[in-house]
Amino acid sequence: MRLADLATPTLLLDRARLEANCIRMRDRCRALAVGLRPHMKTLKSIDAARIAIDPTHGGIAVSTLKEAEYFADHGIADIQLAVCITADKLPRAAALSRRIPCFSCFVGGADAANAVAAFAAAEGVPLRVWIEVDSGQHRTGTAPDGEELIAIARVLAGSPAQLAGVATHAGHSYDQRSCGAIAAIAEEERSAVTGAAQRLREAGFTIEGVSAGSTPTAVHTRSGAGLTELRPGVYMAGDLFQAAIGSHGADDIAVSVLSTVISHGRDPDRLILDAGALALSKDRSTAALEGGDLGYGLIADPAGQRVYGDLVVTGVNQEHGEVAIADRAVFARLPIGVRVAVFPNHACMTTAMHDRYIVMEDGRPVGIWAKTGGW
Ligand code: PLP
């Protein structure tokens with residue numbers, strides 16, 4: 001397999017960077033004395049999961065039932081669906097509970113708890129659930145200090161469902177720009193979920209699992225006290241946004257989109273790529289970074305995985321990407337037909353657009369990894 005022979009656009013995965021990112025997060029969790037439950041929503045691949053899984057923990061998190069079914073098919077025994085369940089999804093959740101030793105999902109409110117309890121009783125399935133608490137993102141989850149928390153635990157305790165523990169995700173860590181501010185959100189995340197666990201224990205419930213985490217809070221937290229596991233995901237791939245907020249270095253991004261220069265546009269001068277919105281995604285998260293807007297992605301040399309100065313994808317149509325250039329010398333450096341790699345703003349959005357990875361080692365494609373997608 002040669003880079004020049006690959007049909008573009010296609011997704012590249014640098015294996016050495018993936019491995020280094022996984023080792024770094026494993027060491028980080030070890031230093032914090034918490035387990036690592038890698039969230040596979042970003043890479044959605046069993047080959048990547050085998051590298052990411054912490055052998056002292058063994059489990060993964062996923063964001064869709066389809067991912068859960070895919071990883072169950074590939075023999076993963078501990079899968080946490082880190083999204084609130086609803087009544088319509090319970091039959092698939094029950095099928096997973098019967099298939100693998102430890103499937104679990106989130107319950108974020110009294111309605112869902114009632115649905116789980118009724119379904120578990122009717123079907124005789126001991127569904128394992130985590131009560132999700134809201135640590136400040138205000139997306140899903142019950143208040144850690146509210147009455148509903150205890151009410152949910154009571155409903156579950158009166159049914160065959162099993163309480164796996166309490167969980168939270170401080171997604172609002174993405175709004176912060178400094179390491180200190182992210183560390184403060186990490187502390188909010190930790191204190192919300194450990195506080196909820198404490199309240200439940202005082203009310204007589206057994207709480208073993210205390211699960212938290214995003215990539216920024218896992219990297220910047222100052223303490224893991226009271227947590228049993230962290231659940232970051234995007235760190236495996238890395239991306240331009242995470243590099244900008246200090247979750248990893250600029251040279252740690254493991255995924256990129258291989259693309260071909262298909263035209264030289266004039267007036268205004270620009271390169272046209274065959275990677276547009278469907279290959280890169282329309283994520284513009286770096287636009288929120290003061291002075292750090294990287295358009296729809298940053299252009300790099302695909303073999304060396306090093307950036308070409310500050311060339312960025314400035315516009316996208318469905319299958320076209322436009323790279324504005326300030327100097328026509330770029331046309332000679334990047335002629336029509338040449339391959340470039342585009343580092344993504346948000347790896348989760350970009351990888352979701354593709355059904356496989358071309359695995360790169362030492363700048364050369366060495367294999368293909370399948371991945372899942374959809375719901
Ligand atoms: N847990 C939950 C519930 C999430 O929604 C996410 C990401 O969206 C994560 C963990 C992983 O966080 P990150 O993407 O920052 O690694």
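Order of appearance sets the numbers: ligands from 1, and atoms from 1 within every ligand.
- Within the 4.0 Å heavy-atom cutoff, Gln242 does not count among the residues contacting ligand 1.
- The protein heavy atom nearest to atom 6 (C) of ligand 1 is His169 CE1, 3.3 Å.
- Considering CZ of Arg306 and CG of Asp251, their distance stands at 4.5 Å, rounded to 0.5 Å.
- Shown in contact with Pro232 at under 4.0 Å from a heavy atom are these atoms of ligand 1, numbered in order with element: 16 (O).
- Annotation for ligand 1: atoms under 4.0 Å from non-hydrogen atoms of Tyr174 are 13 (P), 14 (O), 15 (O).
- Ring geometry for Tyr357 against Trp369 counts as perpendicular: the plane angle is over 60°, on a 0 to 90° scale with 30° as the lower cut.
- Within the 4.0 Å heavy-atom criterion, the part of Pro216 lying near ligand 1 is the side chain and not the backbone.
- Between the Asp283 side chain and the Asn345 main chain, no donor and acceptor come within less than 3.5 Å of each other.
- Numbered from 1 in the order shown, with element, the atoms of ligand 1 that lie under 4.0 Å from a heavy atom of Arg231 read 1 (N), 2 (C), 3 (C), 9 (C), 10 (C), 11 (C).
- The distance from ligand 1 to the heavy atoms of Gly233 drops below 4.0 Å at these ligand atoms: 11 (C), 13 (P), 16 (O).
- At under 3.5 Å, not a single nitrogen or oxygen of Ala82, backbone or side chain, sits near a nitrogen or oxygen of ligand 1.
- Residue Arg139 places a heavy atom under 4.0 Å from ligand 1.
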